[in-house]
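See below for the structure under consideration.
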Amino acid sequence: MLEEIGYRLIRFTNDETINKTDWVCEEIKSALNAPLSFGEGSGGEASIEVFTTRPDTLFGITFLTLAPEHELVSKITTEENKQQVEAYLNYAKNRSERERQADVKKITGQFTGAYAIHPFTGKQIPIWVGDYVLAGYGTGAVMAVPGGDQRDWSFAKHFGLPIIPVIEGSDIDKEANESKEGKMINSDFLNGLQVKEAIKKIIAEIEKRGLGKGKINYRLRDAAFGRQRYWGEPIPIYYKDGIPYGVDEKDLPIVLPEVDKFLPTEDGEPPLARAKDWKYKGQYDYESTTMPGWAGSSWYFLRYMDPHNDKEFVSKAAADYWKDVDFYLGGSEHATGHLLYVRFWTKFLKDRGFISIEEPAKKLVNQGMIQGVSRFICQLVISGVYHQIFLSVDIVNSYLHKEISFDSLKEKIVNPTTIKGWTILPIIFLAKDFTEEEMSFSMQRVPVDFVDNANLDYEKWNKSRWPQDSQAEFYRFVLNEKGDIVTLAEVEKMSKSKYNVVNPDELVEKYGADTLRMYEMFLGPLEQSKPWNTNGITGVSGFLKKFWRLYEPCFAAIKDSDNFLYPLPEASKAELKVLHKTIKKITDDIEKLSFNTCVSTFMICVNELTDLKCNKREILEPLVVLIAPLAPHIAEELWNKFGHTESVTFAKWPEYKEEHTVENSFSYPVSFNGKTRFFHELDSVLSKEDVEKEVMALEQTQKYLEGKQPKKVIVVHKKIVNIVV
RNA sequence: GCGGAUGUGGCGUAAUUGGCAGCCGCGCCAGACUUAGGAUCUGGUGCCGAAAGGCGUGGGGGUUCGAGUCCCUUCAUCCGCACCA
């Protein structure tokens with residue numbers, strides 16, 4: 001499929017990937033780099049290959065930047081620049097990955113003193129070194145177009161390098177124009193072309209002059225496979241003289257060895273390295289990492305087709321019979337990670353002829369994430385020093401919105417009466433008296449379970465951080481007028497590191513698992529993400545209670561009769577209508593995975609049956625089957641009370657009978673120029689023409705016409721009447 | 001920046017797929033039963049307006065007898081990826 005939409009695939013055989021690793025790496029590398037080359041340097045000394053996705057901006061090049069690791073840096077640096085460049089390389093090398101990540105905006109670089117020749121204009125272009133260029137991507141060299149790339153622009157601004165706009169309407173004093181819309185300017189033979197045309201033309205021209213090649217660049221997801229954990233399939237690889245080899249097929253599968261502890265070894269090797277005498281053929285070390293979770297889950301759907309087969313992972317016959325998965329439901333991480341590998345596995349096994357399906361699943365749905373609500377409080381920072389003083393967010397807000405002055409804020413910080421904690425002058429906690437300029441704030445996460453109604457339970461929080469009482473006094477809190485610490489809320493992914501994880505156990509305890517399950521469904525469409533919020537859970541809990549109450553008179557009657565088969569009075573027309581309306585909607589909605597509307601349909605049904613005082617077995621029994629997927633526990637209980645001994649899971653799904661829901665009249669909304677004015681009930685069998693006649697004859701119609709002649713009357717059967725005046 | 005999604009009452013949402021916008025639930029208001037209510041039940045609740053009526057689905061425009069739904073444009077928010085040229 002990738003090939004159909006224009007990608008080029010590189011294929012290797014299993015044998016090649018295992019036995020000719022170097023060659024495979026080279027192949028992939030050359031496919032990935034696929035540079036647009038400037039060709040042989042006309043100066044004759046060296047040529048620098050660059051990669052770009054925007055060859056149209058070629059005439060906007062004003063300098064070249066090499067990654068500090070680039071091999072040519074030391075070769076081309078001139079004598080007079082050598083010292084500075086070396087100092088810079090040293091600096092860049094020692095900046096940790098973390099520093100560089102955190103410090104994206106810090107612009108650093110150094111001029112090498114060397115120049116490159118622009119392949120089209122022949123002009124000299126200064127060559128710089130800069131750590132915003134990554135050695136690992138492309139060729140480690142960038143043709144800098146400050147008019148068209150924001151990072152190049154920032155670099156140019158910082159070092160005072162020239163900036164040429166190449167797209168009409170660019171405001172290069174403010175920022176680079178990275179858009180792919182507009183007309184080319186300052187670009188020789190590209191002038192006047194639209195960006196997309198220019199890209200085509202320049203690639204053709206570059207190829208014609210032999211300066212480089214147009215190619216598609218591939219990006220690979222990091223495919224590190226081994227995990228430093230015990231529980232996972234062992235990888236069938238062993239090492240002989242440090243070189244990995246595949247384990248013979250006849251020696252498969254490898255069984256997880258016994259280990260004394262499920263922990264890494266003292267020198268940091270994975271747990272499998274603990275296994276004693278675990279060697280291939282008694283002498284070679286096995287690979288000690290194990291496969292990740294998705295390795296197994298990417299093919300177990302195939303194993304399930306033929307679980308007892310001890311000859312193959314799945315027989316061809318079973319695979320051909322069951323074919324693909326009908327429906328795959330997973331979260332977004334499945335969509336990006338897991339699913340990628342299931343598809344890969346499937347295609348691989350298809351290519352090897354073990355199975356005959358191209359894709360693992362017919363249908364895919366990504367359910368939304370239940371997000372967490374993180375909480376923050378303000379920490380006081382004076383001249384970069386973090387103080388153990390925390391402020392209620394509303395106070396800081398009113399200061400930032402200039403509702404209270406710096407002096408009154410400072411008064412609150414310094415004055416013991418607003419501070420919870422130590423009563424001796426808290427100013428001691430400050431390094432010194434401070435000015436407005438020296439003061440800043442830092443948002444600190446607090447665990448959500450210490451927050452009640454947006455307010456921090458500071459004593460509880462304090463204790464959790466400093467279990468020993470002696471140190472508990474070290475934190476100071478600046479409270480608002482109500483004596484609270486207000487926290488700031490932010491919706492994020494739920495995660496331990498964000499301290500915003502909520503545990504549903506309490507809710508199960510309080511409301512039961514059925515309520516929790518139904519509430520989660522009730523929250524909204526399956527595919528939507530939303531923050532976890534239990535505000536409405538009482539509604540679902542109340543519904544289940546009401547649902548249960550509906551059955552009590554029915555069970556009382558059954559008990560009185562002392563016979564489970566006691567036929568209660570026949571259901572009325574109205575009751576049957578409610579039941580069948582519900583059967584239809586629930587059946588349709590489950591099919592559409594629209595569980596939120598299932599729940600509300602059930603609420604409507606129970607409200608209506610309660611109003612009808614329905615206690616008929618004929619109605620209530622099928623409802624138990626309908627609710628079983630939504631509230632399985634209560635359904636089993638009720639099913640049992642009807643005298644069934646088998647689980648409701650095996651009960652037959654109720655059948656929808658249309659005859660119970662047909663209406664023989666319809667209340668037409670009558671609208672004038674699209675505005676509904678009144679309703680008129682008419683027999684459903686009436687034709688369009690008859691409906692129009694009836695409606696036009698009405699007194700009310702004449703009233704809204706105000707004596708005017710209608711231009712047009714639109715009648716949609718059993719929908720609407722619209723009169724255009 | 002690239003890719004994906006979403007904008008409807010105070011809140012979560014619904015809308016038979018172009019036909020009465022706001023179903024259901026939360027919250028809120030009033031009432032009943034109660035020593036009490038974090039129990040239960042009844043009624044009300046989009047906004048403006050005393051009412052008649054008017055206005056309302058992020059903003060602007062369009063198609064249509066009719067638009068939350070279709071088209072164009074714009075803004076905002078969220079998610080995934082990313083110093084990736």
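Computed over heavy atoms, backbone and side chain alike; hydrogens, waters and symmetry mates excluded. Within every chain, numbering begins at 1; the chains are lettered A, B, ... in the order of the sequence lines, protein sequences first and strands thereafter.
- Looking at A/Ser667 and A/Glu681, their side chains never bring a donor and an acceptor atom within 3.5 Å of each other.
- Between the C1' atoms of B/rG43 and B/rA51, the separation comes to 22 Å (whole Å).
- Partner assigned to B/rC81 is B/rG1, using Watson-Crick or G-U wobble distances below 3.5 angstrom.
- Using a 4.0 Å heavy-atom cutoff across all strands shown, A/Asn607 reaches sugar-phosphate atoms only and no base atom.
- Within 4.0 Å of A/Glu527, counting heavy atoms only, lies no atom of the nucleic acid at all.
- Between A/Lys530 atom NZ and B/rA5 atom P the separation is 17 Å, expressed in whole Å.
- The nucleotide B/rU40 finds its pairing partner in B/rA32, both defining distances of the Watson-Crick or G-U wobble pair being shorter than 3.5 Å.
- The partner of B/rC65, taking Watson-Crick or G-U wobble pairs whose two distances both stay under 3.5 Å, is B/rG19.
- In this structure, a donor-acceptor pair under 3.5 Å is absent between the side chains of A/Asn664 and A/Ser684.
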Inset, instruction - Go through the steps to decide whether A/Ser687 and A/Asp690 satisfy the test side chain to side chain donor-acceptor pair (under 3.5 Å), and finish with yes or no. - result: CA-CA 5 Å; A/Ser687 71; A/Asp690 291 337; 3.2 Å; yes

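- When heavy atoms are screened at a 4.0 angstrom cut-off, A/Phe679 is found touching base atoms of the nucleic acid.
- B/rA21 and B/rU35 have their P atoms separated by 48 Å, given to the nearest Å.
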Could you go through nucleotides 26-29 of chain B and list every protein N or O atom that sits under 3.5 Å from one of its N or O atoms, giving the distance for each pair?
residue : atom : partner  : partner atom : Å
B/rC26  : O2'  : A/Asn535 : O            : 3.0

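- Here the nucleotide nearest the side chain of A/Val716, chosen from B/rC24, B/rU6, B/rG19, is B/rG19.
- Scanning both residues, A/Thr112 and A/Ile127, for their nearest heavy atoms gives OG1-O, 2.7 Å.
- When the C1' atom is compared between B/rA76 and B/rA32, the two are found 47 Å apart, to the nearest whole Å.
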Legend entry - salt bridge (charged side-chain N to carboxylate O under 4.0 Å, His left out) assessment of A/Lys592 paired with A/Asp589: CA-CA 5 Å; A/Lys592 284 189 293 187; A/Asp589 284 0; 3.7 Å; yes

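- Using a 4.0 Å heavy-atom criterion, one finds that A/Lys584 contacts no nucleic acid atom at all.
- Rounding to whole angstrom units, CZ of residue A/Phe672 and C1' of B/rC65 are separated by 13 Å.
- Residue contacts for A/Leu523: at a heavy-atom cut-off of 4.0 Å it reaches the sugar-phosphate backbone alone, with no base atom in range.
- In B/rU17 the O4'-C1'-N dihedral to the base is within 90° of 0, which defines a syn nucleotide.
- Look at B/rU6: its Watson-Crick or wobble partner, with both distances under 3.5 angstrom, is B/rA76.
- Checked by atom type, the side-chain pair A/Lys712/A/Asn722 shows no donor-acceptor distance below 3.5 Å.
- Annotation: of the two residues near RNA chain B, A/Ile714 and A/Asp152, the 5′-most nearest-nucleotide partner is A/Ile714.
- Within the 4.0 angstrom heavy-atom criterion, only backbone atoms of the sugar-phosphate kind lie near A/Val724; the bases stay farther away.
- Applying the Watson-Crick and G-U wobble criteria (two distances, each under 3.5 Å), B/rA51 pairs with nothing in any strand.
- By the 30° and 60° cut-offs, the orientation of the rings of A/Phe678 relative to A/Phe672 is tilted.
- For A/Phe120 and A/Phe59, the gap between ring centers is short of 6.0 Å.
- Here B/rC24 presents its P atom at 11 Å from NZ of A/Lys581, a figure rounded to the nearest Å.
- The separation of B/rG61 from B/rA67, taken at their P atoms, amounts to 14 Å, rounded to a whole angstrom.
- With C1' as the reference atom, B/rG58 and B/rA5 are 16 Å apart, rounded to whole Å.
- Counting non-hydrogen atoms under 4.0 angstrom, A/Lys711 reaches nothing in the nucleic acid.
- For A/Phe63 and A/Phe155, the gap between ring centers is short of 6.0 Å.
- Base pairing of B/rG27: its partner is B/rU45, meeting the Watson-Crick or G-U wobble criterion (both donor-acceptor distances under 3.5 Å).
- With RNA chain B read from its 5' end, the first of the two nearest nucleotides for A/Arg549 and A/Lys592 is the one closest to A/Lys592.
- If you check every strand for non-hydrogen atoms under 4.0 Å, A/Thr676 touches sugar and phosphate atoms only.
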